[in-house]
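Following: one structure in structure tokens, then a few remarks.
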Amino acid sequence: MKKHTVWLLTLLCLLALAGCGGQTEPPASDLAGDDAPSIPFQEGQLYAVAYLGYQEIEDLAYYTETYLDGAEPPVYYLSDGDFYLVVPRYEDTALRLYRRDMETMETELVCEDPRCRPFILQCNVSDIFPDAVISLTHGEDTAEFSPYISLENGSVQVGERGADITRVEGG
């Protein structure tokens, strides 16, 4: 019996040591902040956006479970209007969030984060004027956009460099 115990302890020690010697660099698919596995990013896209509702967040659980591994994102309030979820493609993306004044068109820096994570933004108190400007920078690449709902056809406008991940009714 003692012989088997020694052999078992030796085997467990060897396995524990083998686990400590792990990879020096994780595979690209395991890197935090790399392409989110469930977001169908296209080449050149730096972020994804989902429309969450007007004055009230709808179906947040779907987005946190599908795209954020259950994590609750912080909420930034610019004005009493639409809610949007913004998901940067890369973990090392820098955020600069601006409020644009409807009368002067000037922007005021509201928030800055050098390592942005997904967040919710409430903005656009007016249907005809997007009052938020989001600037996301990854390395030397910067994308600037203002999310809004098109008055022409009701579609979610996320800018040229973004993926629209808004859940379609019944989808």
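What you see is a predicted model, and the numbers here were worked out from it, not measured in a lab.
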Treat each ILVMFWY residue as a node, draw an edge where side-chain heavy atoms are under 4.5 Å apart, and state whether F145 and Y98 are in one component. no
Please say whether more than 12 non-hydrogen atoms of neighbouring residues, nucleotides or ligands are located less than 6.0 Å from CG in D69. no
Ring centres under 6.0 angstrom apart (F129, Y148): no
Is it true that, when you exclude Q55 itself, more than 12 heavy atoms of the residues, nucleotides or ligands shown sit nearer than 6.0 Å to its CD? yes
Which atom pair, heavy atoms only, marks the closest approach of I149 to G154? CG2-O, 3.7 Å
Does the side chain of C123 come within less than 4.5 Å of P130's, by heavy atoms? no
If you look at every heavy atom in Y54 and Y51, which pair is closest and at what distance? N-OH, 3.2 Å
Pair R96 + D113: basic N to acidic O under 4.0 Å: no
Heavy-atom side-chain proximity of L46 to F41 below 4.5 angstrom: no
Nearest heavy-atom contact between T107 and V133 is CG2-CG2, 4.3 Å
Do the rings of Y67 and Y62 sit parallel, tilted or perpendicular, given the 30° and 60° boundaries? perpendicular
Give a yes or no on whether the backbone of S155 and the side-chain of N153 come within a donor-acceptor separation of less than 3.5 Å. yes
side-chain contact (heavy atoms from CB on, under 4.5 Å) with C116: which of V86, L95, V87? L95
Using the rule given for side chain to side chain contact (heavy atoms under 4.5 Å, CB included), can you reason through Y76 versus V110, listing the C-alpha separation, both sets of side-chain angles and the distance that settles it, and then say yes or no? CA-CA 9 Å; Y76 300 112; V110 174; over 6 Å; no
Specify whether F83 and Y77 have parallel, tilted or perpendicular ring planes, treating 30° as the upper limit for parallel and 60° as the lower limit for perpendicular. perpendicular
All heavy atoms of A61 vs all of T64, minimum pair found to be O-OG1, 3.1 Å
L78 and A132: which non-hydrogen atoms are nearest, and at how many Å? CD1-CB, 3.4 Å
Tell me, yes or no, whether the heavy-atom count around L151 atom CG, taken from other residues, nucleotides or ligands under 6.0 Å, exceeds 12. yes
Donor-acceptor pair, side chain of Q45 and main chain of G162, under 3.5 angstrom: yes
Is the shortest side-chain N to carboxylate O distance from R167 to D59 below 4.0 Å? yes
Partner set under side chain to side chain donor-acceptor pair (under 3.5 Å) for T142, not counting sequence neighbours: T137
Could you work out, with side chain to side chain donor-acceptor pair (under 3.5 Å) as the rule, every residue matching S79, not counting sequence neighbours? D131
Just wondering, do P73 and L68 contact through their side chains at under 4.5 Å, heavy atoms? yes
Just how far is it from atom CG of L121 to atom OG of S146, taken to the nearest 0.5 Å? 10.0 Å
Under a 4.5 Å side-chain heavy-atom rule over Ile, Leu, Val, Met, Phe, Trp and Tyr, are Y90 and V158 clustered together? yes
Side-chain donor/acceptor of S38 to backbone N/O of T66, under 3.5 Å: yes
Let's go through Y63 and L52 carefully: what are the C-alpha distance in whole Å and the side-chain angles of both, what is the deciding distance for side chain to side chain contact (heavy atoms under 4.5 Å, CB included) to 0.1 Å, and is it a yes or a no? CA-CA 9 Å; Y63 293 101; L52 299 178; 3.5 Å; yes
Can you list the steps and then say if I165 with V49 is a side chain to side chain contact (heavy atoms under 4.5 Å, CB included)? CA-CA 6 Å; I165 57 171; V49 177; 5.9 Å; no
For side chain to side chain contact (heavy atoms under 4.5 Å, CB included), just list the numbers for I57 and L85, CA-CA rounded to whole Å, side-chain angles, deciding distance to a tenth of an Å, and then say yes or no. CA-CA 10 Å; I57 296 175; L85 171 66; over 6 Å; no
Gap between atom NE2 of H138 and atom CZ of R161 - 0.5 Å precision: 11.0 Å
Between E106 and R100, does at least one N-O distance fall below 4.0 Å, as a salt bridge requires? no
Kindly determine whether D82 and Q122 satisfy side-chain hydrogen bond (donor to acceptor under 3.5 Å, both in side chains), including the steps that lead there. CA-CA 5 Å; D82 300 317; Q122 185 179 23; over 6 Å; no
From T93 atom OG1 to Y47 atom OH, the distance as rounded to the nearest 0.5 Å: 12.0 Å
Any chance you could measure R99, atom CZ, to L109, atom CG, to the nearest 0.5 Å? 10.5 Å
Inter-residue atom distance E152.CD - Q157.CD, 0.5 Å rounding: 8.5 Å
